[in-house]
Amino acid sequence: MKLEKFTYDNQLTKLFMFATVFWGTIGMLVGLTAAFELIFPALNAGIPWLTFSHIRPLHTNAVIFAFVGNGIFTAVYYSTPRLVKNPMYSQLLGKIHFWGWQLIIVSAALTLPFGLTQSKEYAELIWPIDIAVVIVWVVFGINFLMTLIKRRMKHLYVAIWFYIATWVTIAVLYIVNNLQLPTSFLHSYSVYAGVQDALVQWWYGHNAVAFFLTTPYLGIMYYFVPKAANRPIYSYRLSIIHFWSLIFIYIWAGPHHLLYSALPDWVQALGVVFSIMLIAPSWGGMLNGLLTLRGAWDRVREDPVLKMFVVGITAYGMATFEGPMLALKSVNAMSHFTDWTIGHVHVGTLGWNGMLTFGMIYWLAPKLFKTKLYSRALANTHFWIATLGILFFAVPLYFAGFTQSLMWKQFTEAGYLAYPNFLETVTEIMPMYYLRAFGGSLYFAGMILFVINIWKTAVAGTFVRYEEDQAPALEKLRPENVEKLKWGWHRKIEGNAVKFTIFALVAILIGGIVEMVPMFMVKSNVPTIAAVKPYTPLELQGRDIYVSEGCYLCHSQMIRPFRSEVARYGEYTKAGETVYDYPTQYGSKRTGPDLAREGVTSLPNYKPDSWHYNHLIDPQKMNAESIMPPFPWLAVNDLDIASTPAKIRAMMTLGVPYPKGYDTLAVRDLKKQAHEIGDNLRQSGIKVDDNKQIIALIAYLQRLGTDIYKNKK
Amino acid sequence: MSVLIVLVIIGIIVAGSFLAAFIWAVKSGQYDDTYSPAVRILFDDSHPLEIESEKVSDKDIKRKYHLRINQ
């Protein structure tokens, strides 16, 4: 058995590691800004792209895909070659992967804050960037899978399995969720509408948490925790059971994001059952990670790396217990749409993803730079303020969630809502928002210490670019056998055929989904409520403004079938009402009230056009305590009327029953309706032109929820 | 709710491919030994490459040391 010598190249690990640190700082800074804007709505200084609803998607996308994403790649590029005894397949593909991913992040930062968004949560990126993501993901996949195929270690360590599941599942999820019909280079409509779109969105959203924030980080846990503790994983057998059961169950749990919505009941039940089952594999993994440290707890007391791992894994355990509990319908009835969800998510991200990333890099940086960590004391300080930061972030939000939900549901003895004014329930929880911003500041301060520590470590040491290793080749790949099998299938499989097969499979998968699904969807989107009609061209344009301004981030459009919600907002939302909503605007959070019946004149909350105008321009003028940011530019910016025919045509392609040739008449109708609203506003003494964005947005708001009320009275 | 059918089919394909991968892993002997893989990762056999001069390019390294950097 001849030993083969080979060399690991640490260049890309280093680049990905620096990118993780850099984008982590940016992403958290954006999040912190958003947290402060909820306290001080005027903090955006009247700048559109600094407004809460514009930077919130930037925050989520940056921390998920830039911070955690680069963290995943750091781990994969470092651990995979060492686990399979084979350098990464191609340095060139690796470079394309690295720079492509950073370019995607930059283009996200240049689009999302400027209102270029699809409004699908954690998938807001516009279609040209979506395509770039798929290409880079495929490049990464080829580089990673080819490394495995040419490996020297027959056994694939459990961490590798987690990486494989990540790659495969994210590819499928991303493509299915992002199927869309472009109307221009920067705009598109989702091919799914209403409740169907909601299901796809949360099928993706939930599994993005599962396969982007969880499985690759479990891979990190299974590699870096044993390495840092210098002891094997507690039970390798458990890790295998953990892996397979986790990935089987996770993919079905998405519907728990839509409990009590217009989604069919049996689908909700399915989501709940699988969510409860998830406790078992999740806790199996959590315990496996923690028990690895048995007998090493004395070192946990001193080593910041192990400390961070312990808090990270504990946070994983808490979040994966809380998640199934939140998926119970009775708990969800209370927690959904409140800040409880935000608290829950941040235990997972700040705790599990953040702490594991910090621990990994504190361990990795000294290795890559062949030196000691610059300051252990600084890292310990980071550990403590980050841990406190998580507590100050999450605990107040739990209280905010309970409080607000109880207030929403409270009736007086006479049978009326105890707090009919939504704003009262917001004002009540403001102290919790202050505390959350304090917690976020602590966590961010820790991040700064982290940057300093890693930077100083890198400067103090010398970068070890190449590391030499040796191992025998896999039996079938040894030279003597390869020679023997020159014309055999082994030989072929190791040659171009594999590359070709992978390319072909990917192409077929993408092509098949892109072709088949939209056709399938278009035919089936038949309205089920006769009174529900397509949006007028002006309303459609207004809806696009609603999407682009990010209104869905604070306002839901889904009234659940509870007495408290029907009393507050009107008739609960039916599936048939949203069949023309491409994509759906159900939303997931009520920082402000639900808007599903905003336009219904017979409801107590109805507001005239002039109120909406004044409120959008300056919410604090209407309600001094409101935390909604002002949107004065809506009355300044002109509506892009020229895009109307293309949008109508796209809607017709998707199956919306506008009369034939309506795209040519749409602009005329749009101008007519805009003039009516403009006149109405001018009668109230408001100086406004018909062609402003605000007119379209008001038209849309006044249409919301009205269809099924038309026949009443 | 035709999207349900689409998602169920995709879900079954994904879960099915996981199942196939699981069967392959068991049959190919991946899990015959559930002890040594956990221990093996703790041994670091690799060592930094000694390079005589500081100014060497990737090409030099490949040529001089006959190393398979990119395979």
Side-chain angles (χ1 to χ4, degrees), chain A residues 4-9 82-83 86-92 150 153-158 161 164-165 168-169 172 176 192 195-197 199-200 203 223 226-227 230-233 236-237 239-240 244 247-248 251-252 264 267 370 464-471 513 517 520-521 523-524 575, chain B residues 1-52 54-71:
Chain A
E4 291 179 345
K5 279 193 174 185
F6 43 90
T7 310
Y8 305 131
D9 187 342
R82 284 160 177 82
L83 285 171
N86 186 25
M88 285 306 283
Y89 172 65
S90 159
Q91 184 75 6
L92 177 69
K150 297 193 166 241
M153 190 64 71
K154 184 162 182 282
H155 178 84
L156 292 169
Y157 185 69
V158 64
W161 281 108
I164 297 173
V168 172
T169 319
V172 176
V176 174
Y192 317 101
V195 67
Q196 308 212 42
D197 183 58
L199 183 60
V200 175
W203 177 75
Y223 182 79
K227 284 300 236 183
N230 197 28
R231 40 186 66 235
I233 196 77
Y236 194 70
R237 196 174 288 218
S239 79
I240 296 166
W244 292 104
I247 60 166
F248 277 129
I251 196 100
W252 306 102
V267 186
K370 216 184 170 190
V464 181
R465 174 151 183 190
Y466 299 106
E467 280 178 60
E468 201 176 37
D469 202 351
Q470 53 186 20
I513 294 172
V517 177
F520 199 39
M521 303 308 305
K523 279 183 192 151
S524 64
Chain B
M1 286 309 295
S2 54
V3 79
L4 271 171
I5 300 161
V6 175
L7 291 188
V8 166
I9 291 170
I10 292 169
I12 289 171
I13 291 172
V14 171
S17 58
F18 287 157
L19 184 68
F22 175 68
I23 292 169
W24 172 83
V26 173
K27 286 210 165 173
S28 69
Q30 283 282 325
Y31 300 138
D32 290 355
D33 175 7
T34 55
Y35 173 72
S36 52
V39 181
R40 198 189 304 128
I41 71 153
L42 301 177
F43 298 106
D44 258 331
D45 309 322
S46 63
H47 54 86
L49 195 60
E50 303 288 334
I51 297 171
E52 295 159 1
E54 279 176 17
K55 284 180 184 169
V56 283
S57 68
D58 292 0
K59 251 185 197 163
D60 290 338
I61 292 172
K62 275 183 207 170
R63 200 174 51 233
K64 206 166 174 185
Y65 297 88
H66 305 285
L67 293 165
R68 301 194 297 162
I69 286 164
N70 287 331
Q71 287 237 312

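Chain letters run A, B, ... following the sequence lines, proteins first and then strands; every chain starts at 1.
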(message) Do Pro87(A) and Thr7(A) have side chains that approach each other closer than 4.5 Å (heavy atoms only, starting at C-beta)?
(response) no
(request) Flag the one option from Ile247(A), Val158(A), Ile251(A) with the top tally of heavy-atom pairs under 4.5 Å to chain B. (result) Ile247(A)
(request) Would you mind telling me which of Val39(B), Asp32(B), Thr34(B) has the largest number of heavy-atom pairs within less than 4.5 Å of chain A? (result) Thr34(B)
(request) For the residue pair Tyr31(B) and Arg237(A), establish whether any side-chain heavy-atom pair is separated by less than 4.5 Å. (result) no
(request) Identify which part of Ile240(A) has an atom lying under 4.5 Å from any heavy atom of chain B, answering side chain, backbone, both or neither. (result) side chain
(request) Quick one: list whatever passes side-chain contact (heavy atoms from CB on, under 4.5 Å) with Lys370(A), sequence neighbours left out. (result) Val464(A), Pro48(B)
(request) Against chain B, label Leu83(A) side chain, backbone, both or neither, depending on which of its atoms sit under 4.5 Å from a heavy atom there. (result) side chain
(message) Restricting to ring pair (Phe, Tyr, Trp, His ring centres under 6.0 Å), what partner residues turn up for Tyr236(A), sequence neighbours left out?
(response) His155(A), Tyr157(A)
